[in-house]
There are 2 protein chains.
Amino acid sequence: MKEFKRVTLQDVAKEAKVSYASVSAVLNGKDGKSIRVAQKTKELILECAARLGYVPNMAARKLKNGTNSLIAVFTYEQIFPVESENEYYRFFVGIQETAEKLGYDILILNNRPTEENSSRIVLADGAVMMGVNRDDKGIERLVKANYPLVFVGRREVSDVSTHWVTFDYQKVIAQMVDHLNDLCSARTLVYVESQEQEREPRKDKRRFLLEAAQSLGLEVLIVQADERNMLSLEAFGLIEQCKVVVFDRLFLLEPFERLLERKGLKLGSDIWGAVLEDDWMGSHEHWTRWSNQRLELGSLAVEYLSHLLQKETLEQLETLTPLYLVISESSAFPK
Amino acid sequence: MKEFKRVTLQDVAKEAKVSYASVSAVLNGKDGKSIRVAQKTKELILECAARLGYVPNMAARKLKNGTNSLIAVFTYEQIFPVESENEYYRFFVGIQETAEKLGYDILILNNRPTEENSSRIVLADGAVMMGVNRDDKGIERLVKANYPLVFVGRREVSDVSTHWVTFDYQKVIAQMVDHLNDLCSARTLVYVESQEQEREPRKDKRRFLLEAAQSLGLEVLIVQADERNMLSLEAFGLIEQCKVVVFDRLFLLEPFERLLERKGLKLGSDIWGAVLEDDWMGSHEHWTRWSNQRLELGSLAVEYLSHLLQKETLEQLETLTPLYLVISESSAFPK
DNA sequence: CTGAAAGCGCTTACAG
DNA sequence: CTGAAAGCGCTTACAG
């Protein structure tokens, strides 16, 4: 078997009998700056490069330049999920489209959780990270070293400031609470939370909900679903009394609807409800929620990263993607 | 905004007040070979590296070593398809599992068709390519330069030998034809082909079918579906006469079944049929086909690549993944 | 046991 | 207009 012998600039230079500086200049279209090459030499060089099958060595280029127009997309979730609607799909589409538009290629590092991961990420000029990170020392180290890393969704790393873009939860949650308040005269609403690990987005959503309710003089009762995402009888009793319920996660809805059915209650007339997510699973259209802007957020993440990479000022860069309230049967106005 | 200042070996060496050769040795566990470092120095170095947040520069390492234990997975298809069952999913799982087992990380290059792509691939030590390649000059160049590239599915590149793994179509097709022959007394079968571009796997399947039929003294009539994957009336008439039909692609089956229904014919009793694919879409269980061994083939591709990379002999390496005939209603024996 | 030095392939400021 | 040279960060054979 023949070896993979890389054709280098040197080889091309020898073949064309010129210095390799000229070859580099021609092949990178840098002709005209500090280096100038005669038209004939140029053609000769291009011909030789093609004939020998020259493939530039990205590793060397990256080492010398510090950049390679590659951005890493990183997630700790499974990348190729079997589920029809991958939670990250729309983010990724936005990332991909925008990266292409801005002239970046994309490098997807498939998760193999190791300390080494960080050095792999660093092959790229910067990275976009989707999903909930485990408490990873490698990532933390990168952030602390000021590696250009943009999180999709707000993330904190102790002691250092992080770069992130996220949804404008505050505004849409205020609208949602307004709407629920208009809908019925109850002075109390029940907020049902899942048992998921406490992360920044979840904290944010709860805070915004409480603030919005307070500004309208509404009381909020917070209850937790159990590990099977079910409500206790007491919790359900509260909801029956208050008539208005807000869930933090989509997957809490189905168990709740089963419960409603068993009690003979009807969503949207006996009980009003909403959920603090978009309908990314495509199967909760009858719930009041917000619009799916995941593509837009992915896109924004890349724009933000691009600013970082070009050392442009971030002052006037927006970091929030607006969300739109989608009012549906679960909290529709009575006809 | 602070710059991303990379912490280098030099920085660590300065901090620990040792030469950077020692740092390199310690950090790579190479202590003991041509370089030996005292236990105390070792601990000091590790402590300094951790404190400064040293992240090895993969680009430099790759440039020096020529390897970085990264393999690229490359495909021209959309990588994050919305469809529930991605055609490449099972291949990818096999690739991923085996790469992990053999100590490789995986780098997914998202397709942006450019000449530059080839230099991006070459960041990795080798590559596995899934799916039908367009006639890409970059890929051709890599193959000609002996870059370690394994195709999933047989692929030819003019003038040079390629590395590929594929399914053992020959054996399973022979079994399938045997089965169809046992099933009914017809001496002729109809082979329906799609209008897809002619590629190696398709040529192979056709050839194996013809050979298998010939060895049993069966005649094969080849017909083409139209651009909407429909059969002409004449073609359908032939099938009605011969009673046995084989399709090359899954997507031809639904239009055919609609036609059958319209004619009041029943698959598996009036007409027998089979398809030269596995049921990767999960919705053709009632068709005689072969088993889905995509995971196994992805796995094999990585094993093959690993042999290439370690310059082991390829002599005794199997390149075929066996397929198993799955007999189903479309050609079941009458009860 | 430790350090100085060469070299991987490239880019670019600089000298001729 | 063209070439020689330094240097990006790393590894490793070799000298001390």
Side-chain angles (χ1 to χ4, degrees), chain A residues 3-45 49 52-69 116 118-120 122-123 125 145, chain B residues 3-45 49 52-69 116 118-120 122-123 125 145:
Chain A
E3 275 288 303
F4 171 47
K5 182 62 189 67
R6 181 162 250 143
V7 178
T8 69
L9 271 188
Q10 290 253 31
D11 299 329
V12 178
K14 255 182 229 155
E15 183 77 10
K17 296 183 177 35
V18 298
S19 83
Y20 53 93
S22 311
V23 179
S24 172
V26 169
L27 261 31
N28 292 304
K30 286 278 169 56
D31 177 32
K33 264 192 75 182
S34 84
I35 291 195
R36 221 167 303 173
V37 184
Q39 184 61 27
K40 284 190 73 170
T41 322
K42 210 164 167 176
E43 280 161 18
L44 177 65
I45 288 171
L52 296 179
Y54 172 70
V55 177
N57 186 331
M58 285 299 299
R61 203 177 257 184
K62 166 81 179 169
L63 182 59
K64 180 62 187 163
N65 281 349
T67 73
N68 57 3
S69 293
E116 292 260 298
S118 47
S119 61
R120 242 118 229 174
V122 166
L123 260 181
D125 293 347
Chain B
E3 275 288 303
F4 171 48
K5 183 60 190 66
R6 182 162 248 143
V7 177
T8 70
L9 271 187
Q10 291 252 31
D11 299 330
V12 177
K14 255 182 229 154
E15 182 78 10
K17 296 183 175 40
V18 298
S19 83
Y20 53 93
S22 311
V23 179
S24 171
V26 169
L27 260 31
N28 292 302
K30 285 280 169 54
D31 178 33
K33 264 192 77 182
S34 84
I35 290 195
R36 220 166 303 171
V37 185
Q39 184 61 27
K40 283 191 75 168
T41 322
K42 210 163 166 176
E43 281 161 16
L44 176 65
I45 289 171
L52 297 180
Y54 172 70
V55 177
N57 185 331
M58 285 298 300
R61 204 177 255 183
K62 167 81 179 169
L63 182 58
K64 179 64 186 158
N65 279 349
T67 74
N68 56 6
S69 293
E116 292 259 299
S118 47
S119 62
R120 242 119 228 176
V122 167
L123 261 182
D125 294 345

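Only a predicted model underlies this, so the values are computations on that prediction, with no experimental measurement involved.
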Validation row: R120(A), S69(B) side chains within 4.5 angstrom (heavy atoms): yes

Below the 4.0 Å mark, does dT2(C) have OP1 or OP2 next to a side-chain nitrogen or oxygen of T41(B)? yes

Quick one: L63(A) CG to dT11(C) P, roughly how many Å, whole number? 11 Å

From dG3(C), dG9(C), dC10(D), pick the nucleotide closest to the side chain of N57(B)?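 Among dG3(C), dG9(C), dC10(D), the one nearest the side chain of N57(B) is dC10(D).
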
D11(A): partners by side chain to side chain donor-acceptor pair (under 3.5 Å), with sequence neighbours left out: T8(A)

Could you state the atom-to-atom distance from CG of N68(B) to P of dG9(D) in whole Å?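 These atoms are roughly 18 Å apart.
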
Nearest whole Å is fine: how far is dT11(D) P from I45(B) CD1? 13 Å

Using side chain to side chain donor-acceptor pair (under 3.5 Å) as the criterion, list what pairs up with T41(A), not counting sequence neighbours.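 With sequence neighbours excluded, T41(A) shows a side chain to side chain donor-acceptor pair (under 3.5 Å) to no residue whatsoever.
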
Please give, in whole Å, the distance from dG7(C) P to Q10(A) CD? 12 Å

Contacts of E43(B) that satisfy side-chain contact (heavy atoms from CB on, under 4.5 Å) - sequence neighbours left out: Q39(B)

Report the distance from atom NZ of K17(A) to atom C1' of dT2(D), rounded to the nearest whole Å. 17 Å

Return the set of residues passing side chain to side chain donor-acceptor pair (under 3.5 Å) with N68(A) (not counting sequence neighbours), or none when no residue passes. none

Please state whether the phosphate of dT11(D), meaning OP1 or OP2, lies under 4.0 angstrom from any side-chain nitrogen or oxygen of R61(B).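 So the side-chain polar atoms of R61(B) do come within 4.0 Å of the phosphate oxygens OP1 or OP2 of dT11(D), strictly under.
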
Can you list the stems that DNA chain D is part of, where a stem is at least 3 pairs in a row, each Watson-Crick or G-U, with both distances below 3.5 Å? C:1-3 with D:14-16, C:5-12 with D:5-12, C:14-16 with D:1-3

How long is the straight-line distance from CG of L9(A) back to CZ of R61(A), given to the nearest 0.5 Å?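 One finds 8.5 Å between CZ of R61(A) and CG of L9(A).
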
Which nucleotide, dT11(D), dC10(D), dG9(C), lies nearest any side-chain atom of K64(A)? dG9(C)

Please check the phosphate of dT11(D) (OP1 and OP2 only) for any side-chain N or O of S24(B) closer than 4.0 Å.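 Yes.
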
Please report, rounded to the nearest Å, how far the C1' atom of dG9(D) is from the CG atom of N65(A). 14 Å

Beyond-backbone contact of D125(A) with K62(A), side-chain heavy atoms, under 4.5 angstrom: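 A side-chain contact under 4.5 Å exists here.
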
Considering heavy-atom distances to DNA chain C, does L9(A) or V18(B) have its closest nucleotide positioned more toward the 5' end?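 Residue closer to the 5' terminus by nearest nucleotide: V18(B).
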
